Amino acid sequence: MFIEVVKSKIHRVTVTEANLNYIGSITIDEDLLDAANIIPNEKVSIVDNNNGERFETYVIKGERGSGVVCLNGAAARKVQPGDVIIVMSYALMDFEEAKRFKPSVIFPDTATNKLVR
């Protein structure tokens with residue numbers, strides 16, 4: 001039996017931009033992607049803590065060290081710059097493997113979107 005579990009989580013990061021006139025996705029600073037073990041084109045779920053919106057999209061790599069978190073295309077209508085969001089990705093794995101699996105979870109500084117070290 002396989003189950004879907006949280007693989008990666010960027011917990012509480014601030015939206016810096018919302019670009020309606022761009023092909024849909026979320027652009028995320030490459031430093032955050034590396035730390036959370038998320039890759040470009042990976043499907044992610046987004047939860048907006050400010051308005052309760054929940055939706056899915058895919059990741060585009062943003063400039064390293066920029067702090068960028070930009071919702072693009074139709075997803076830009078679901079957030080506002082300044083909103084705090086949670087970004088999660090999931091993986092399918094064997095039930096026994098899932099019991100031992102530890103997801104990558106990071107907690108960036110919401111004022112700067114930089115990793116807290």
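A quick note: this is a predicted structure, and the numbers were derived from the prediction, not measured. All residue numbers refer to positions in the sequence shown, counting from 1.
- Scanning for side chain to side chain contact (heavy atoms under 4.5 Å, CB included) contacts around D34 gives E30, R64, with sequence neighbours left out.
- Side-chain heavy atoms closer than 4.5 Å link hydrophobic residues (I, L, V, M, F, W, Y) into clusters, and following such links, even through other members, never connects I60 to L32.
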| request: Give the C-alpha distance, both sets of side-chain angles, the deciding distance and a yes or no for side chain to side chain contact (heavy atoms under 4.5 Å, CB included) between F101 and D94. | output: CA-CA 10 Å; F101 180 76; D94 175 79; over 6 Å; no
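- Evaluation of the side chain to side chain contact (heavy atoms under 4.5 Å, CB included) rule for S66 yields D29, E63, V68 as partners, not counting sequence neighbours.
- For the atom pair CG of D48 and CD1 of I85, the computed distance is 7.0 Å after rounding to the nearest 0.5 Å.
- Residues I38 and S89 come closest through the heavy atom pair CG1-OG, 4.2 Å.
- Considering I39, N41, I26 in turn, I26 is the only one that fulfils the side-chain contact (heavy atoms from CB on, under 4.5 Å) rule with V59.
- Shown here for S104 and A35, the closest heavy-atom pair between the two residues is CB-O, 4.3 Å.
- Following chains of ILVMFWY side-chain contacts shorter than 4.5 Å, one cannot reach I28 starting from V105, and the two form parts of different hydrophobic clusters.
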| query | What do the steps show when you test T57 against V44 for side chain to side chain contact (heavy atoms under 4.5 Å, CB included), and what is the final call? | reply | CA-CA 6 Å; T57 190; V44 292; 4.1 Å; yes
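- K9 contributes atom NZ, which lies 5.0 Å from atom CD1 of I86 (distance to the nearest 0.5 angstrom).
- For the residue pair P108 and I10, the shortest heavy atom distance occurs at CG-CG2, 3.8 Å.
- No more than 12 heavy-atom neighbours from other residues, nucleotides or ligands sit within 6.0 angstrom of NZ on K61.
- Side-chain contact between R12 and N49: present, with at least one pair of heavy atoms (C-beta onward) separated by less than 4.5 Å.
- Using a distance-only test at 3.5 Å, with no hydrogens or angles considered, no donor-acceptor pair links the side chain of S45 to the main chain of E56.
- Among all heavy-atom pairs drawn from F2 and L92, the shortest one is CD2-C, 4.5 Å.
- Heavy atoms from other residues, nucleotides or ligands lying under 6.0 Å from CD1 of I23 number 12 at most.
- Side-chain heavy atoms closer than 4.5 Å link hydrophobic residues (I, L, V, M, F, W, Y) into clusters, and following such links, possibly through other members, connects V87 to I106.
- Both M93 and F95 are part of a single hydrophobic cluster, where members link through side-chain heavy atoms under 4.5 Å apart.
- Nearest heavy atoms, A18 versus C70: N-SG, 4.3 Å.
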| said: Would K7 and M88 count as a side chain to side chain contact (heavy atoms under 4.5 Å, CB included) here? Give the steps. | reply: CA-CA 8 Å; K7 177 189 82 65; M88 297 166 286; over 6 Å; no
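- Grouping the Ile, Leu, Val, Met, Phe, Trp and Tyr side chains by contacts below 4.5 angstrom, directly or via other members, places V6 with V47.
- The closest side-chain heavy-atom distance from F55 to V79 is below 4.5 Å.
- Taken from OH in Y90 to CD in E4, the straight-line distance is 7.5 Å, to the nearest 0.5 Å.
- For the atom pair OH of Y22 and OG1 of T27, the computed distance is 5.5 Å after rounding to the nearest 0.5 Å.
- Remark: the N72 side chain and the S25 side chain contain an N/O donor-acceptor pair separated by less than 3.5 Å.
- With sequence neighbours excluded, the residues that form a salt bridge (Lys or Arg N to Asp or Glu O under 4.0 Å) with K78 are E53.
- The minimum heavy-atom distance between G67 and N113, with the atom names listed, is O-ND2, 2.9 Å.
- Rounded to the nearest 0.5 angstrom, D83 CG and T16 OG1 are separated by 11.5 Å.
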